[in-house]
Amino acid sequence: MTEKGAQGVVEDPRNWTRILAPYRETNVSRSLFELLVTAAPFVMFWALMWSSLAVGYWLCLLLAVPTAAFLMRLFMIQHDCGHGAFFRRPATNDWVGRIIGVATLTPYSFWLRAHAAHHANAGNLDHRGMGDIITLTTDEYLALPLWSRAAYRLYRNPIVMFGLLPLYLFVLHYRVPVGLMRAGIQPWLSTMGTNAAIAGIAAAMISLIGVGPFLLVQGPVVLVSASIAVWFFYVQHQFEDTRWAHEEHWHFHEAALRGSSHYELPPVLAWFTGNIGVHHVHHLSSRIPFYRLPEVLRDHPQLAGVGRLTFLQSLRCATLALWDAEWQRLISFRELRVRCSTSSSAPIRSLSAPLKNSVT
């Protein structure tokens, strides 16, 4: 079974597991190279930020942008390690992921569980909340009391979503295994071990350069990188033509292919974000190393038009907040208000399932 895509014939989503299998082969030398050209510049730019304090804080803030970009790329390497895609040996993936997690403030094993739940249930209305941006349907939103609607609108406000929320997520949320408090000792070991390593490195840096300079350098790097990370995670599933469905109509491969965007970025931005914009391919086969994702699009150009978003088009995604089951797309609060004002009565149904604690 096939259908026409924007650039050719798109295979039945179920066939892509077989088609993409050859791309899962990891090149260890390439992985080591990618790690080196990401970690070394991050350390160098961090040191430059500290040195620039003698010139002026404006220069330090300017340097925070490339520093945060390299930290974001380190996070993408950690992400690939979590999928077992960066090295051949699982133990190597895990230990590299744990070490990078200290720099990214992300406890590896704790994050891995939540992220695995996201991959297993993306687009499933009956399994929302773990590792996802909280998303309500229009009917669920209309059924809420006014104070709950106000809280959801505040959560979805771009200033909160891409400013306050990233700071909360990486600085506070990841310090305890929220959502996995009773899931055994492993999430606790992961978070507490990462916390101890972060505290040790921070203490060493503070003793070396002082608490003031450390915070002046590390603060903007964390803020910028965290905001970038949340934006990319957001836009890859919170776009107008994404797919959501209840369990009985939800299919993993369909949700992976059409519920994830192809965020087409300029080459430099694609490099810094580890090609994560090719997100539909990543969800179809998460074991593909990020440096092989462009290879998939080159060999299968019909995938390039599926869920395609340009940077300018993606900016509108920040206003989308509600899944409309009738229109089968994400809509904004404004669109819902217009729809309700032109309708004699808005359909209201009760929540179909309680939402779990969200990682974001």
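All residue numbers refer to positions in the sequence shown, counting from 1. Here the structure is a predicted model, which means the values were calculated and not measured.
In the model, Thr26 has no side-chain atom that pairs as donor or acceptor with a side-chain atom of Arg88 under 3.5 Å. Side-chain contact of Arg156 with Ser332: a donor-acceptor pair under 3.5 Å is absent, judged by distance alone. Of the N and O atoms on the side chains of Gln328 and Trp244, not one donor lies less than 3.5 Å from an acceptor on the other residue. His115 and His83 share a donor-acceptor pair across their side chains, judged by distance under 3.5 Å alone.
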Step by step, work out the side-chain contact (heavy atoms from CB on, under 4.5 Å) result for Glu240 and Leu320. CA-CA 7 Å; Glu240 185 174 6; Leu320 303 178; 4.0 Å; yes
Could you walk me through whether Asp241 and Leu330 pass the side-chain contact (heavy atoms from CB on, under 4.5 Å) test, one step at a time? CA-CA 7 Å; Asp241 296 320; Leu330 279 180; over 6 Å; no
Go through it in stages, so that I can follow the logic: the residues are Thr137 and Asp324, the test is side-chain contact (heavy atoms from CB on, under 4.5 Å), and I'd like the CA-CA distance, side-chain angles, deciding distance and then a yes or no. CA-CA 6 Å; Thr137 69; Asp324 191 295; over 6 Å; no
Criterion side-chain contact (heavy atoms from CB on, under 4.5 Å) on Asn124 and Glu247, from CA distance to verdict: CA-CA 6 Å; Asn124 191 325; Glu247 182 75 31; 2.8 Å; yes
Decide salt bridge (charged side-chain N to carboxylate O under 4.0 Å, His left out) for Arg24 and Glu295; before the verdict, give the C-alpha distance in whole Å, the side-chain angles of both, and the deciding distance to 0.1 Å. CA-CA 11 Å; Arg24 295 168 59 177; Glu295 186 181 339; over 6 Å; no
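The two residues Gly274 and Phe290 come nearest to each other via the heavy atoms O-CB, 2.9 Å. Between Ile133 and Gln238, the shortest heavy-atom distance links the atoms CB-NE2, 4.0 Å. Minimum heavy-atom separation, Ser286 to Ala85: O-CB, 3.9 Å. Residue Thr106 comes nearest to Gln78 through the heavy atom pair O-NE2, 3.2 Å, listed as atom of the first residue, atom of the second, then distance. A pairwise comparison of heavy atoms in Val217 and Leu53 identifies CG2-CD1, 4.1 Å as the closest pair. The heavy-atom pair separating Ser261 from Phe239 by the smallest distance is N-CE2, 3.4 Å.
The main-chain N or O of Thr135 is found under 3.5 Å from a side-chain atom of Arg128 such that the two form a donor-acceptor pair. For the pair Tyr108 (side chain) and Thr194 (backbone), a donor-acceptor distance under 3.5 Å is absent. Without hydrogens or angle criteria, Ser260 side chain to Leu257 main chain gives no donor-acceptor distance under 3.5 Å. Between the side chain of Asn275 and the backbone N or O of Leu293 there is no donor-acceptor pair closer than 3.5 Å. Side-chain atoms of Ser207 come within 3.5 Å of backbone atoms of Ala204 as a donor-acceptor pair (strictly under, hydrogens ignored). Put simply, the side chain of Ser31 gets close to the backbone of Phe86: a donor and an acceptor are under 3.5 Å apart. Under the 3.5 Å distance criterion, the side-chain polar atoms of Ser190 are matched with a main-chain donor or acceptor of Ser109. With hydrogens and angles disregarded, a donor-acceptor distance shorter than 3.5 Å links the side chain of Ser52 to the backbone of Met49.
Judged by a 6.0 Å distance limit and a 45° cone about the ring axis, Arg329 is not positioned over the six-membered ring of Trp323. The cationic atom of Arg339 (NZ for Lys, CZ for Arg) lies less than 6.0 Å from the six-membered ring centre of Trp327 and within 45° of the ring axis.
The structure places NE2 of His173 at 9.5 Å from CG of Leu165, a figure rounded to the nearest 0.5 Å. Arg175 contributes atom CZ, which lies 8.5 Å from atom OG1 of Thr191 (distance to the nearest 0.5 angstrom). A distance of 10.0 Å separates CD1 of Ile77 from OH of Tyr291, quoted to the nearest 0.5 Å. The CG atom of Leu59 sits 8.5 Å away from atom CG of Leu48, with the distance rounded to the nearest 0.5 Å. Atom CH2 of Trp188 is separated from atom CD of Gln186 by 13.5 Å, given to the nearest 0.5 angstrom. Asp80 CG to Ile276 CD1: the interatomic distance, rounded to the nearest 0.5 Å, is 7.0 Å.
The shortest side-chain heavy-atom distance between Arg73 and Trp271 falls under the 4.5 Å cut-off. Side-chain atoms of Tyr23 and Ser285, non-hydrogen and from C-beta on, never get closer than 4.5 Å to each other.
Aromatic ring centroids of His118 and Phe233 lie under 6.0 Å apart. Taking the six-membered ring wherever Trp is involved, the centroid distance between the rings of His246 and His249 does not fall below 6.0 Å. The aromatic ring centres of His253 and His280 sit 6.0 Å or more apart. Here the two rings, on His127 and Trp250, have centers that are 6.0 Å apart or farther.
At a threshold of 4.0 Å, the pair Glu140-Arg149 does not count as salt-bridged, since none of the basic side-chain nitrogens sits closer than that to a carboxylate oxygen. We find that Glu25 and Arg287 are not joined by a salt bridge, their nearest charged nitrogen and carboxylate oxygen being 4.0 Å or further apart. Using a 4.0 Å cut-off between charged side-chain N and carboxylate O, Arg292 and Glu34 make no salt bridge.
A ring pair (Phe, Tyr, Trp, His ring centres under 6.0 Å) with Phe70 is found for exactly one of Trp46, Phe272, Phe42, Phe75, namely Phe272.
Ring geometry for Trp231 versus Tyr234: interplanar angle under 30°, hence parallel rather than tilted (30 to 60°). By the 30° and 60° cut-offs, the orientation of the rings of Tyr141 relative to Tyr152 is tilted. The aromatic rings of His279 and His282 lie tilted to each other, with the angle between the two planes from 30° to 60°.
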